[in-house]
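See below for the structure under consideration.
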2 protein chains.
Amino acid sequence: MTAVTHRPFSQALDRLRAAGLRPTRQRLALAKLLFDCCDRHVSAEQLHGEALSSNIRVSLATVYNTLHQFTAAGMLREIVVDAGRSYFDTNTTDHHHFFYEQSGRLEDIPGDMVSVTRMPQAPQGTSIRRVDVIVRVMG
Amino acid sequence: MTAVTHRPFSQALDRLRAAGLRPTRQRLALAKLLFDCCDRHVSAEQLHGEALSSNIRVSLATVYNTLHQFTAAGMLREIVVDAGRSYFDTNTTDHHHFFYEQSGRLEDIPGDMVSVTRMPQAPQGTSIRRVDVIVRVMG
DNA sequence: GTGTTTGCAAAGTGTTTGCAATTTA
DNA sequence: TAAATTGCAAACACTTTGCAAACAC
């Protein structure tokens with residue numbers, strides 16, 4: 001009961017420190033919601049809702065700012081599958097997505113389950129930033 | 001000079017007829033802008049601008065409606081690469097896209113230049129509607 | 001004529017911004 | 001205390017909607 005005290009924010013804290021972001025109450029709470037569980041795909045609106053449900057007072061604007069800061073810091077990856085809504089993925093490793101067109105849900109496809117072969121050259125003077133494979137499913 | 005008269009709207013007309021859409025002045029004009037030239041990637045705003053430049057009186061709402069009707073009829077394909085803007089692609093054959101993150105421009109990659117192998121199974125009770133590969137480039 | 005399509009303006013969505021008040025180091 | 005961060009409300013960009021007028025068949 002001495003050194004092994006429960007430290008609920010340690011992971012979040014470390015992540016923020018590593019990213020050079022001040023660990024404010026809001027950022028810590030959002031980081032905890034995002035990273036303490038499994039891999040997640042959240043929209044800003046969703047995360048804001050979760051924060052409020054958890055009695056974390058945070059404005060939607062701050063949620064947007066925070067999601068973008070986390071993305072810029074490489075802690076999140078932004079996924080676009082649907083005009084008019086951004087999803088943020090806590091899994092930043094190489095992987096792709098199933099998109100359920102009816103429900104709007106996203107699901108990871110592990111990177112090694114899809115191989116893109118015969119990639120074209122990047123056009124003159126450009127470099128490839130990322131290759132997104134989106135498998136759109138129905139039913 | 002008899003049967004081979006120039007018929008500027010025939011392609012557009014035929015396409016509309018085939019889709020069961022009444023060939024109204026607006027739809028004909030938009031179809032002409034979309035399909036008379038090469039393969040194109042347009043946003044609604046863009047197409048509306050082109051229509052106005054060509055002295056075609058059409059409202060933005062009608063451009064949206066028309067793009068969606070054409071998409072439903074399989075004449076266009078909607079591409080989402082950028083939250084908050086839809087692009088419509090006149091190339092409905094199997095192919096993929098380069099997306100220039102700086103300019104927001106889209107460019108086709110012929111279907112046979114990319115091979116996706118080792119595709120995962122569609123999840124239980126779903127079927128694959130489409131696989132989109134987006135190669136995001138910078139520079 | 002009759003049902004479809006259009007235009008307009010208004011409403012809706014999701015996101016960003018400007019700035020004063022607050023918080024962090 | 002100085003600089004970063006936050007909240008709010010307003011602004012924004014894009015898209016959809018409702019309904020009367022115009023149009024195609």
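All of these numbers come straight from a predicted model, not from anything done at the bench. No hydrogens, no waters, no symmetry mates; every other heavy atom, side chains included, goes into these values. Just so it is clear: chains get the letters A, B, ... in the order the sequence lines come, proteins before strands, and each one is counted from 1.
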- [ ] Rounded off to whole Å, could you give me the CD-to-P distance for the B:Gln46 and D:dA13 pair?
- [x] 16 Å
Task: Rounded distance in Å - CG (A:Leu60) to P (C:dT15) - done: 8 Å
Task: Separation of atom CG in A:Leu21 from atom C1' in D:dA4, rounded to whole Å - done: 11 Å
TODO: Between B:Asn65 and B:Arg25, name the one whose nearest nucleotide on DNA chain D is closer to the 5' end.
DONE: B:Asn65
TODO: Could you state the atom-to-atom distance from OH of A:Tyr64 to P of D:dA9 in whole Å?
DONE: 17 Å
Task: A:Arg22 (side chain) and C:dT24 (base): donor-acceptor pair under 3.5 Å - done: yes
Task: For B:Ile128 against B:Met119, the heavy-atom pair lying closest together - done: CD1-CE, 3.8 Å
Open item on the list: Using every non-hydrogen atom in the two residues, find where A:Arg130 and A:Glu78 come nearest and quote the distance to one decimal.
Closed with: NH2-O, 2.9 Å
Open item on the list: Starting the side chain at C-beta, find the nucleotide from D:dT6, C:dT6, C:dG7 nearest to B:Thr24.
Closed with: C:dT6
- [ ] Report the distance from atom CZ of A:Arg85 to atom C1' of D:dC14, rounded to the nearest whole Å.
- [x] 14 Å
Task: Flag for B:His95-B:Asp39: side-chain donor and acceptor within less than 3.5 Å - done: no
Open item on the list: Please determine whether a side-chain nitrogen or oxygen atom of B:His68 lies at a distance below 4.0 Å from atom OP1 or OP2 of D:dT16.
Closed with: yes
Open item on the list: Below the 4.0 Å mark, does D:dG7 have OP1 or OP2 next to a side-chain nitrogen or oxygen of A:Gln26?
Closed with: yes
- [ ] Hunt down any stem DNA chain D takes part in, defined as 3 or more consecutive Watson-Crick or G-U pairs whose two distances are each under 3.5 Å.
- [x] C:1-25 with D:1-25
Task: Any A:Thr62 side-chain N or O less than 4.0 Å from OP1/OP2 of D:dT6 - done: no
Open item on the list: Taking any heavy-atom pair under 4.0 Å as a contact, classify A:Ser86: base, sugar-phosphate, or nothing.
Closed with: sugar-phosphate
Task: Atom pair distance, as rounded to whole Å: NE2 in A:His48 and C1' in C:dT13 - done: 16 Å
- [ ] Take the protein atom CD of B:Gln69 and the nucleotide atom C1' of C:dT4, then report the distance between them rounded to whole Å.
- [x] 10 Å
- [ ] Report the relative orientation of the aromatic rings in B:Phe70 and B:Phe35; use parallel for angles under 30°, tilted for 30 to 60°, perpendicular for over 60°.
- [x] tilted
TODO: Mind calculating the distance between CD (A:Glu45) and C1' (C:dT13) to the nearest angstrom?
DONE: 9 Å
Open item on the list: List the residues meeting side chain to side chain contact (heavy atoms under 4.5 Å, CB included) with B:Ala61, not counting sequence neighbours, and say none if there are none.
Closed with: B:Ser59
Task: Gap between atom CG of A:Leu76 and atom CD of A:Gln69 - 0.5 Å precision - done: 11.0 Å
Task: Audit row: B:His96, B:Asp132, side chain to side chain donor-acceptor pair (under 3.5 Å) steps and yes/no - done: CA-CA 6 Å; B:His96 299 294; B:Asp132 287 340; 5.5 Å; no
